[in-house]
Amino acid sequence: MMKSLIQNIKIGIVAVVALVSATSCLEKYPESAIPEGEAMQTFEDAEQFVTGIYSLFKSGALYNGYITLLPDIQTDMVYAVDGYSNQYGSFWLWQIRSTTSEVESVYAGLNSVISNCNFFLEKVGVVKANTTDDTKLTSLDFYTGEVYTLRALAYSELIKFYCKAYDPATAKEELGVVLRKRYSGSEEAVRASLYDSYQFVLEDLAKAEELLDSDYDGYSSDYATKAMAEALHARVALYMQDWEKAIEYSTRLIENKAFALSSANTTYIDGQSYFQYMWNYDLATEIIWRVRLTPQSPGARIGSAFLNFTNDYVYYYPDYVPAQWVLNLYVQNDNRYNAYFYEMQTGYAHKLVWPLLVKYHGNGDFINSYQLYHVSMPKPFRLAEQYLIRAEAYCRKENPNYAAASQDLTKLRESRFRSGSGAMSVSEANFMQHIAEERVRELYMEGFRLQDLKRWGKLYNNGRGFERTPQTNSLIEGSTIKRAADDYMYVWPIPRHEIEAPGSKIQQNEGY
């Protein structure tokens, strides 16, 4: 019964969502005609409120836009095309300021999720007191586990973008984020340490893992499951350099029978492989959690920056095209290439012909039934990432296990390569280069590159970060940018209005 209640949640926009105040993203109030003291009294209220939290992730500021795209646009993964619309131009040009709209929107969007989660966690006790049905009480525990997972996710993203990379030796002295732990009452607007910020995330995940039940794990889930909490735990452990925990939690996902890598060399339907179908229809056995979109509530068009077919429905006018060095990473037998890229002539006057990113061309059902292009459901957690997490952790732990790392990379690659190919062997001398390149090949334009370069530091490319080299018809401005891995702009600024809000003691990041 509990499973059916959970699965019947209809993701959509509800009345109870958070607004950003004029003074600070940290001061938010649910928008509702119902007074706060009377809100969320019943099981149905709670269920609807959780639905509202999920709907926040449809925002173009979060996975359906900025969080997914900006980290890779900022670094070395794409090039702006001559004639582009200036979409995301501040990040392409590294002209990032504390007043940059995307910086403000991501900060506000994540804090909006946190505020709504805090409201639910504060009020759910009242709902339990008003509920006598045992099945509903069990479901409320499950919903609470989901909310803890979503709050942990939002905080982990704030830390990733607005804080330095985690170093266990210095984390207690480095700036973390403002920890808003409850909805009601005043809390000092001051940044916790980086160590305490991550500890809070781990505390939320521990509560989530206790409340959620792995019996309800399932692929392509629209809601937070125990598997999702464990996947986030593995990612956070990797970022914290807790190699053993990263291995422990990624192993749980890899061994979980609810998931399997989607083969890129086995045909599923209409000539598409299972892997291609995942990107064309947003459904696959390796998706741990996706942000559910509908034609009636599609959110932002995440693929528009790479295609812009809707300008005239004849030609493509991409703002950004893949970097040549990225394209060169894919060897002939790698079937990811055809799933991610397709060479076409653009509609610009210069008629650039280039392999365009079609990974986010759009959900086939949305296109066929509604002519709704470039809308793809974000997939923040996939099983493939867990293989990459475990492989890296195996290589970086105190006693490296390069053989085990090689097995994980080979397993992943064999699911992507034509039959009989894809094996990879890593060693002390080459593991970092191989893992870095495999993360690009697999996770291209999914929002990992900025954090990877920042956290690897001197371990990768001797700390040189990246250097762009102009390519055919790329925008001259920005095509020669060079940024070492310790450049201060790898950490985004805290929005100015947060620093200047009355009573704020929030410190700005270095360099801004």
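If you're wondering where the values come from, they're calculated on a predicted model, not measured in any experiment. Because only heavy atoms are used, hydrogens play no part in the values below, and waters and symmetry mates are left out as well, while side chains stay in.
Side-chain N or O atoms of Asn116 include none that pairs as donor or acceptor with a backbone N or O of Val113 at under 3.5 Å. Using modelled atom types, one side-chain atom of Arg416 and one backbone atom of Ser262 make a donor-acceptor pair closer than 3.5 Å. Not one N or O on the side chain of Asn462 forms a donor-acceptor pair closer than 3.5 Å with the backbone of Lys458.
With 3.5 Å as the limit, one finds a donor-acceptor pair spanning the side chains of Asn509 and Arg191. Side-chain contact of Gln433 with Glu437: a donor-acceptor pair under 3.5 Å is present, judged by distance alone. Under 3.5 Å, the side chains of Tyr249 and Glu209 contain a donor-acceptor pair of N or O atoms. A donor-acceptor contact under 3.5 angstrom links the side chains of Asn363 and Asp282, judged on distance only. A donor and an acceptor atom, one from each side chain of Ser479 and Ser474, are located under 3.5 Å apart.
Environment of CD in Gln332: sparse, with no more than 12 heavy atoms of neighbouring residues, nucleotides or ligands closer than 6.0 Å. Within 6.0 Å of CD on Glu428 lie no more than 12 heavy atoms contributed by other residues, nucleotides or ligands.
Checked against salt bridge (charged side-chain N to carboxylate O under 4.0 Å, His left out), Glu248 has the following partners two or more places apart in sequence or in another chain: Lys245, Arg252. When the side chain to side chain contact (heavy atoms under 4.5 Å, CB included) test is applied to Lys160, the partners found at least two apart in sequence or on another chain are Glu157, Tyr239, Gln451. With sequence neighbours excluded, the residues forming a side chain to side chain contact (heavy atoms under 4.5 Å, CB included) with Ala165 are Lys454, Arg455, listed by chain and number.
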Start with the C-alpha gap between Tyr162 and Val106, add the side-chain angles, then the distance that decides, and say whether side chain to side chain contact (heavy atoms under 4.5 Å, CB included) holds.
-> CA-CA 10 Å; Tyr162 298 94; Val106 171; 3.6 Å; yes
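With Trp279 as the aromatic partner, Arg336 does not meet the cation-pi criteria of under 6.0 angstrom to the ring centre and within 45 degrees of the ring axis.
Here the rule is ring-ring contact (aromatic ring centres under 6.0 Å, His included) with Trp492, and of Tyr66, Phe91, Tyr107 only Phe91 fits it.
Minimum interatomic distance between Ser156 and Leu232 (heavy atoms only, all atoms of both residues): OG-CD1, 3.7 Å.
Taking the six-membered ring where the residue is Trp, the centroids of Trp243 and Tyr394 are separated by 6.0 Å or more. Taking the six-membered ring for Trp and the full ring otherwise, Tyr155 and Phe200 have centroids separated by under 6.0 Å.
A salt bridge links Asp452 with Arg439: at least one charged nitrogen is closer than 4.0 Å to a carboxylate oxygen. For Lys379 and Glu286, the salt-bridge test fails: no basic side-chain N is under 4.0 Å from an acidic carboxylate O.
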